[in-house]
Amino acid sequence: MNTAFRNQNFQLLSGNHAVAIGAKLANPDVSPVYPITPQTPILEKMIELQSQGELETEIITPESEHSALAASISASLTGARVFTATSSQGLLLMHELLHYAVGARSSIVMFNVNRTVASPWGFWPDQLDSLAQRDTGWIQLYSETPQESLDTVIQAFAIAESARLPVMINHDAFYVSHAVEPVEVPDQSVVDDFLSPFQPPIKLDPEIGRSFGAPIAQQTWNESRRDLAEVMSGIGELVTSTGRQWDEMTGRRNHGMLESYRLEDAEVVIATMGSMCGTVRDAVDSLRNQGVAAGLLKVRLFRPLPAAALREILAEMQCVIVLDRNYSAGTGGILHQELKGVLYGLDSTPKIHGLLAGVGGTSVSSEKIQQLVTSYKDAAFSLEPVWVE
């Protein structure tokens, strides 16, 4: 029997505390973190674990999120395993250095708690903060539950250190960050077997004499983007193989790029990311009981977007309803736009409806999703996004 099953350890944890425990199990060398609501419990829990002697990482609390990422980059480039966390305005303040972290090929793991961005001020779940960073080159994963958040933190270190690219994991403020659920915490030995020691091929070392970020010619900069594109092309398979290995070691499931629920014979597909996926599952079961062949497509890996896998799933569907917990001004829902781009040019494509549902953290119930499916499954295609009341 698997070691993880012999030593099952369930704890009641909020999403943020699950993240902190996941980070502890990964045993980072350095963790520069600046507190910001609703990410703060991650840092608080890590400090608590450190004070109890359970966490050996060097926790740095600098004066801003910008400085936290600057410290993360510097530490990562010396060969240290690095974890940080932020949210909303903090992530926006990091924007300049998000690009730098990618260009320097750092292997940072960052957890972002999705929260509305100012102004006006709000503290509710909305994915625009991370989605606005989609062109920086960070790998982006979206988590549905505290359990998935813990598991994904551990997987993210394996992905980041293999690809030599930073990974950003995201879960929804409060709906996941502060919601308490039973979470199975794996044994330290399982995580140790899963994660290899971090040994980057290039690092800052006086004896090596290498540097990062030096001025270069146009063609060399161009080549750096081509190198990035080549690495990005293999991230989907890396995420899949890493998730498969973790699932085999822990008895988990569905840690790939995408997750399908009751899609085998579906006529209506509901596509979304994050905590709303759980509500959609409930709605799908209810719709099936009503004779409506509905299914869920959960997008876990958003960057790089797994275009080929999405086309394979969606091309033959009749209708796709995209629920976006974000609003890109003048454009609409970001996931909706991405899926339209994926499907463009295929001989056979479904109707695809973009619904702005849950923007700013507004509640979207199972009953509301069922109503939306009933309203849009036979409706004519519209280019304009629709606001859900």
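Just so you know, these numbers use all the heavy atoms, side chains as well, and skip hydrogens, waters and symmetry mates. For reference, positions follow the sequence shown, starting with 1.
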Step by step, work out the side-chain contact (heavy atoms from CB on, under 4.5 Å) result for T349 and F381. CA-CA 11 Å; T349 59; F381 170 72; over 6 Å; no

Geometric class of the [Y]/[X] ring pair [parallel <30°, tilted 30-60°, perpendicular >60°]:
X	Y	value
W387	Y327	tilted
F302	Y142	perpendicular
H178	F174	tilted

Using a 6.0 Å distance limit plus a 45 degree cone around the ring axis, check whether R225 lies over the aromatic ring of W221. yes

[X] side chain to [Y] backbone, donor-acceptor under 3.5 Å:
X	Y	result
R115	T37	yes
K351	A379	yes
Q188	L25	yes
E65	S87	no
S76	S72	no
S64	S67	yes

Residue from V117, T86, T116 passing side-chain contact (heavy atoms from CB on, under 4.5 Å) with D129: V117

S130 pairs by side-chain contact (heavy atoms from CB on, under 4.5 Å) with which of V113, L141, N326, N112? N112

Closest non-hydrogen atom pair between P350 and M317, with its separation: CB-O, 3.0 Å

Taking the ring of Y175 and the ring of W124, is the distance between their centroids below 6.0 Å? no

Decide if the gap between the ring center of F111 and the ring center of H171 is smaller than 6.0 angstrom. yes

Pairs flagged by salt bridge (Lys or Arg N to Asp or Glu O under 4.0 Å) wherever residues 293-303 is involved - sequence neighbours left out: E144-K298, E148-K298, E148-R300, E259-K298, R303-E338

Name all residues meeting the side chain to side chain donor-acceptor pair (under 3.5 Å) criterion together with R105; count only those two or more places apart in sequence or in a different chain, and write none if there are none. none

Can you see whether Q290 engages Q370 through a side-chain donor-acceptor pair at a distance of less than 3.5 angstrom? yes

Decide whether D247 and H255 meet the rule of one side-chain donor and one side-chain acceptor closer than 3.5 Å. yes

Between R252, Q11, Q147, which is the residue that forms a side-chain hydrogen bond (donor to acceptor under 3.5 Å, both in side chains) with E184? R252

Is there a path of hydrophobic side-chain contacts, each under 4.5 Å between heavy atoms, that joins L55 and L195? yes

